[in-house]
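First the structure, in the form of structure tokens, and then the observations on it.
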Amino acid sequence: MPETLFISDLHLDPQRPEVIDLLVRFLDGRAAAADALYILGDLFEYWVGDDDVRADLLPAVEALRRLSDAGVPVWFMAGNRDFLVGEGFAARTGCRLLEDPTRTELYGVPTLLMHGDSLCIDDIEYQALRKQLRDPAWQTGFLSLPVEQRRAQAETLRRQSREATRDKAAEIMDVNAAEVDAVFREYGVRRIIHGHTHRPAVHALSVDGEPAERIVLGDWYTQGSVLSVTPAGYGLEELRTD
Ligand code: MN
């Protein structure tokens, strides 16, 4: 049966080599037989520019290249950690870059693909930071810094994010229900697929009296998480690291 695969929030980090191995096995195995692979953000724990491909991450980058060379379209949408992935990365891996959000048809079902952070509007502090980091002028300035300095800033941001998250109520960091409704209506879809919250689930909803569903991908901290969509349906699956 044809299938399209979705992953997000791998947060690839040289400190978790077993997750890099798991991804490489997934890309060389299951994904090689798929119609397409979509990466919906936060593939990397952080990314300070396409001129800084850390050696420990090369196996993942090369496996993406093998997959696209094998003829499987690989779509990449940036998350809030790897928003500086750009054309250099696309050229190197063969991935095609996707805007957030992107509306597409999956085996006839109109579907909206997102990273998911834009739905978390109750976290006002985070949304302000997001606006700054996505500002083209800020990005140009940042990319003009030496790589070492960019890495140091990314580490600082990562630490601050960890501290900020610890003190925030869980519901503040989840999606806002009214925003989800508004996005369903704005894009005229009945299915949204996103990551970011690390709360894998299928939420059955009703939008204007019609059934709708929001599918949330899981993270890859201690296992892998994959969504498989086929013409017959879909399933959220876990991949084990051993
Ligand atoms: Mn994220």
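What you are looking at is a predicted structure, and each value in this text was computed from that prediction instead of being measured. Order of appearance sets the numbers: ligands from 1, and atoms from 1 within every ligand.
Applying the salt bridge (Lys or Arg N to Asp or Glu O under 4.0 Å) test to residues at least two apart or on different chains, the pairs with a partner in residues 221-239 are Arg30-Glu237.
To the nearest 0.5 angstrom, Asp42 atom CG is 10.0 Å from Asp219 atom CG.
Side-chain rings of Phe89 and Phe76 approach one another, their centers coming within less than 6.0 Å.
Residues Arg158 and Asp13 are paired through a salt bridge, judged by an N-O separation under 4.0 Å between the basic side chain and the carboxylate.
Sorted by chain and number, the protein atoms of type N, O or S within less than 2.8 Å of the Mn ion (ligand 1) are Asp42 OD2, Asn80 OD1, His115 NE2, His196 ND1.
In this pair, Phe83 and Trp138 present their aromatic rings tilted. The plane angle is within the 30 to 60° band.
Looking at Tyr107, its side chain does come within 3.5 Å of a backbone N or O of Thr4 through a donor-acceptor pair.
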